[in-house]
Amino acid sequence: MNIILLGAPFSGKGTLARKIVQDFGLVQISTGDLFRENIKNGTDVGLLAKTYIDKGQLVPDSVTVEMLSKRIAQKDCKKGVILDGFPRTIAQAEALSKIAKIDAVIELDVPFDEIRRRALGRRTCTGCGEIYNTATYDKTTCEKCGSPLFQRDDDNLETVNSRLEVYTKQTAPLIDFYAEQLFVVKGQDSPDATYKPVKDFLKGRI
Ligand code: ADP
Ligand code: ZN
């Protein structure tokens, strides 16, 4: 089973994806994480991607599609993938249709007011990738693995606003593109409350 997670930045895609991975044994592919890995390792893709990410813009489709194709071709992805942050444009969705069969598309729907509220409080674990928010978690180390938490470079007000604008213009059209396969879930409540209908939906599909 291959699943796409659609949703604005801070809608909770990463958190939801991790829950689905645990219960359904799929492999999570986050293009944002892949770019950050490339940046950390100083690759050509990373150097190029950073110039876009720092401005809150999308990395060009050709670069993103090539990186995703390579990842999805790896052996572990045979058991099924959950795509978190890809596709983000119609061109990416068209390219994806030639690479993989998609079984379900889940849209996380969160009001922009709530998104702005979450934006500046997000913290990520340097060890295991767990995601926290300062509004609900006030420690500086991870509850699961003890590693320090950090705030992503692109989680600042200026970048967040341009990311929301980019989402509205370039990614939201995918909601129509996938209309026939779409399962919409309200994502403004707790991670567990958000996951419940998704879990039921996916159980009905395997
Ligand atoms: P978020 O969903 O919180 O915006 P991500 O970690 O998914 O964060 O992405 C961070 C940045 O990486 C994006 O703002 C964008 O610049 C780049 N990026 C990630 N996925 C894609 C994609 N599919 N196409 C183009 N750029 C992408
Ligand atoms: Zn951790």
Side-chain angles (χ1 to χ4, degrees), residues 4-18 28-40 45-72 81-96 99-100 105-110 112 114-133 137 139-174 177 187:
I4 293 173
L5 275 188
L6 275 182
F10 305 98
S11 56
K13 294 191 299 290
T15 303
L16 184 67
R18 296 164 77 82
Q28 177 183 3
I29 304 181
S30 155
T31 40
D33 285 349
L34 290 176
F35 283 131
R36 284 184 286 279
E37 217 174 280
N38 274 285
I39 291 171
K40 206 167 83 191
V45 167
L47 288 175
L48 178 99
K50 191 167 174 13
T51 61
Y52 293 90
I53 292 174
D54 285 350
K55 285 184 268 180
Q57 294 169 358
L58 295 184
V59 180
D61 287 333
S62 56
V63 179
T64 308
V65 168
E66 196 189 324
M67 179 180 74
L68 186 277
S69 313
K70 279 191 193 147
R71 177 66 190 93
I72 212 170
V81 295
I82 173 143
L83 297 174
D84 156 15
F86 185 95
R88 254 176 160 95
T89 63
I90 298 278
Q92 290 180 14
E94 280 165 350
L96 177 64
I99 302 171
V105 181
I106 299 168
E107 186 212 341
L108 260 172
D109 183 21
V110 181
F112 274 21
E114 167 68 12
I115 285 182
R116 288 210 178 79
R117 199 182 63 73
R118 288 180 188 178
L120 306 178
R122 175 159 75 181
R123 300 289 183 274
T124 311
C125 174
T126 47
C128 71
E130 186 68 23
I131 299 157
Y132 295 93
N133 198 288
Y137 187 83
K139 302 193 186 71
T140 54
T141 53
C142 178
E143 198 170 56
K144 300 209 163 143
C145 75
S147 305
L149 307 183
F150 77 108
Q151 180 173 28
R152 272 168 40 180
D153 285 348
D154 59 342
D155 283 356
N156 60 72
L157 195 58
E158 213 186 329
T159 315
V160 167
N161 281 329
S162 49
R163 279 152 71 198
L164 289 178
E165 198 176 312
V166 163
Y167 176 78
T168 305
K169 285 200 186 125
Q170 305 194 56
T171 308
L174 291 176
F177 185 90

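Note that these values count all heavy atoms, side chains included, but never hydrogens, waters or copies made by symmetry. For ligands, and for the atoms within them, numbers begin at 1 and follow the listed sequence.
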Just which atoms of ligand 1 are under 4.0 Å from any heavy atom in [X]?
{"X": "Thr64", "result": "22 (C), 23 (N), 24 (N), 25 (C)"}
{"X": "Arg122", "result": "3 (O)"}
{"X": "Arg152", "result": "3 (O), 5 (P), 6 (O), 8 (O), 10 (C)"}
{"X": "Arg36", "result": "6 (O), 10 (C)"}

Nearest-contact summary for [atom] - protein heavy atom, Å:
{"atom": "atom 24 (N) of ligand 1", "value": "Gln92 NE2, 2.9 Å"}
{"atom": "atom 19 (C) of ligand 1", "value": "Arg88 NH1, 3.5 Å"}
{"atom": "atom 27 (C) of ligand 1", "value": "Phe35 CE1, 3.7 Å"}
{"atom": "atom 26 (N) of ligand 1", "value": "Val59 N, 3.1 Å"}
{"atom": "atom 16 (O) of ligand 1", "value": "Gln57 O, 2.5 Å"}

The one among Ile53, Thr31, Leu83 that brings a heavy atom closest to atom 12 (O) of ligand 1:
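It is Ile53 that holds the nearest heavy atom.
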Would you say [X] has any N or O atom under 3.5 Å from an N or O of ligand 1, going by distance alone?
{"X": "Pro9", "result": "no"}
{"X": "Lys13", "result": "yes"}
{"X": "Gly56", "result": "no"}

Does any part of the side chain of [Y], heavy atoms only, come nearer than 4.5 Å to the side chain of [X], both counted from C-beta?
{"X": "Arg116", "Y": "Leu164", "result": "yes"}
{"X": "Leu83", "Y": "Leu68", "result": "yes"}
{"X": "Phe112", "Y": "Thr168", "result": "yes"}

For ligand 1, which part of Arg163 has a heavy atom less than 4.0 Å away: the side chain, the backbone, both, or neither?
side chain
At under 4.0 Å between heavy atoms, what of Lys50 touches ligand 1? The answer is neither
To check your reading of the site, what angle at the Zn ion (ligand 2) do SG of Cys125 and SG of Cys145 form, to 10°?
100°
Ignoring hydrogens and geometry, is there a side-chain-to-backbone donor-acceptor pair from [X] to [Y] under 3.5 Å?
{"X": "Gln57", "Y": "Val166", "result": "no"}
{"X": "Tyr137", "Y": "Arg123", "result": "no"}
{"X": "Gln92", "Y": "Arg88", "result": "yes"}
{"X": "Arg163", "Y": "Asp154", "result": "yes"}
{"X": "Thr159", "Y": "Gly56", "result": "no"}

Would Asp154 count as a contact of ligand 1 if the rule is a heavy atom under 4.0 Å away?
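So Asp154 counts as touching ligand 1.
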Tell me, with the steps shown, if Leu96 and Ile4 meet side-chain contact (heavy atoms from CB on, under 4.5 Å).
CA-CA 11 Å; Leu96 177 64; Ile4 293 173; 3.8 Å; yes
Salt bridge between Arg117 and Glu114, side-chain N to carboxylate O under 4.0 Å?
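Counted as a salt bridge, because a side-chain N and a carboxylate O are separated by less than 4.0 Å.
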Around Glu66, counting heavy atoms of other residues, nucleotides and ligands shown, do more than 12 lie under 6.0 Å from its CD?
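No.
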